[in-house]
Amino acid sequence: MDYQQILEEISHHVRPMFGKGRVADYIPALAGVPGSKFGMALHTLDGGFFHVGDAEERFSIQSMSKVFALNLAISQIGDDLWKRVGREPSGNAFNSLVQLEHENGIPRNPMINAGALVVSDVLLSRFGDARQTLLDYMRFLSASQDVVFDTGVAQSELEHGYRNLALASFLKSHGNLENEPEAVLDLYCHQCALAMSCDELARAAYHLANGGVSAEPRETILTLSQAKRVNAVMMTCGLYDAVGEFAYRVGLPGKSGVGGGIMAVMPGEYSVAVWSPELDAYGNSMVGGAALEHLTTLTGRSVF
Ligand code: GLU
């Protein structure tokens with residue numbers, strides 16, 4: 001399979017779509033990112049690496065961080081996590097307060113904000129310096145010491161994060177946070193503000209395509225069963241309210257973020273990351289979704 005040729009074809013194919021979506025502006029620090037950026041990187045399990053466009057440029061990974069935080073939490077407390085957070089698609093906005101109230105403080109899944117806040121709480125309780133642990137984890141997985149928190153983005157989100165603070169307070173009132181809401185929110189906003197490139201993200205997601213084992217150095221990040229489960233959660237909950245549409249069009253487990261990134265895996269074959277900041281009405285990268293759809297069409301392979 002000539003992946004480089006495929007990525008170049010995709011990059012050409014998606015050009016006419018620029019200008020049709022909207023860059024996220026509810027986090028002020030994200031609003032200034034140029035909408036015309038496009039990068040895509042793909043890692044095959046046999047060590048092949050391919051990329052096009054702005055694949056080396058770092059951007060705010062936002063909700064894609066929820067997958068990595070989930071990994072860390074699962075590797076620490078295993079199935080106990082599921083006593084505090086569900087694993088069903090939500091069918092509601094990613095930052096919905098209403099659903100949390102209906103479901104008595106047990107978030108529907110770890111890919112919506114309420115669930116991710118519970119995951120952050122687990123990390124805070126398990127690690128002395130959870131922020132640094134998460135940063136080291138991302139640096140290891142991406143094989144890049146240059147991964148950093150964009151503190152401007154974290155600050156911007158902390159200053160405007162009234163809804164997330166409300167979610168955290170609500171979780172606390174239901175006894176589903178061990179730490180104080182402000183501390184949980186601080187960790188959550190920093191994980192969302194990780195700045196990474198498509199190259200780094202594709203590498204970081206490699207273990208999810210490879211039964212839980214990282215690229216060189218080979219380490220078991222998740223057991224085979226845990227990797228399957230994280231991929232299942234991405235498949236059913238990873239694309240906000242458009243998860244069915246993404247499964248229909250792309251056919252891969254994936255996770256998006258409002259910074260315009262989407263990462264996905266084809267288990268047994270490759271991990272991939274794409275970035276284009278203009279979002280569709282669901283908050284997913286418009287061009288990124290189309291690029292991944294072309295990828296599974298042109299390769300003729302998906303999980304289905
Ligand atoms: N940090 C963002 C928020 O909590 C994450 C949004 C996202 O990428 O889904 O609103």
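For ligands, and for the atoms within them, numbers begin at 1 and follow the listed sequence. Predicted model, so just to flag it, every value in this text is computed and none were measured.
A donor-acceptor contact closer than 3.5 angstrom is absent between the side chains of N95 and N113.
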Give one line per pair: atom of ligand 1, protein atom, distance. Only N/O to N/O under 3.5 Å.
from     : atom 1 : to   : atom 2 : distance (Å)
ligand 1 : 1 (N)  : Q62  : OE1    : 2.7
ligand 1 : 1 (N)  : E157 : OE1    : 3.2
ligand 1 : 1 (N)  : E157 : OE2    : 2.2
ligand 1 : 4 (O)  : N113 : ND2    : 2.9
ligand 1 : 4 (O)  : E157 : OE2    : 3.2
ligand 1 : 4 (O)  : N164 : ND2    : 2.9
ligand 1 : 4 (O)  : Y188 : OH     : 2.6
ligand 1 : 8 (O)  : S63  : N      : 3.0
ligand 1 : 8 (O)  : S63  : OG     : 2.8
ligand 1 : 8 (O)  : Y240 : OH     : 3.1
ligand 1 : 8 (O)  : V258 : N      : 2.8
ligand 1 : 9 (O)  : S63  : OG     : 2.5
ligand 1 : 9 (O)  : Y240 : OH     : 2.4
ligand 1 : 10 (O) : Y26  : OH     : 2.6

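In this structure, I10 and H294 have side chains that are in contact, with non-hydrogen atoms separated by less than 4.5 Å. Between S65 and Y188 there is no side-chain heavy-atom pair separated by less than 4.5 Å.
L45 belongs to a hydrophobic cluster whose remaining members, ordered by chain and number, are Y206; membership requires side-chain heavy atoms of ILVMFWY residues under 4.5 Å apart, directly or through intermediates.
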Donor-acceptor pairs under 3.5 Å, side chain of residues 11-28 to any protein atom, not counting sequence neighbours: which ones?
from : atom 1 : to  : atom 2 : distance (Å)
R22  : NH2    : D25 : OD2    : 2.8

Atom pairs and distances, side-chain donor-acceptor, residues 242-263, under 3.5 Å, sequence neighbours left out:
from : atom 1 : to   : atom 2 : distance (Å)
R249 : NE     : E293 : OE1    : 2.7
R249 : NH2    : E293 : OE1    : 2.9
K255 : NZ     : G238 : O      : 3.2
S256 : OG     : N284 : OD1    : 2.6

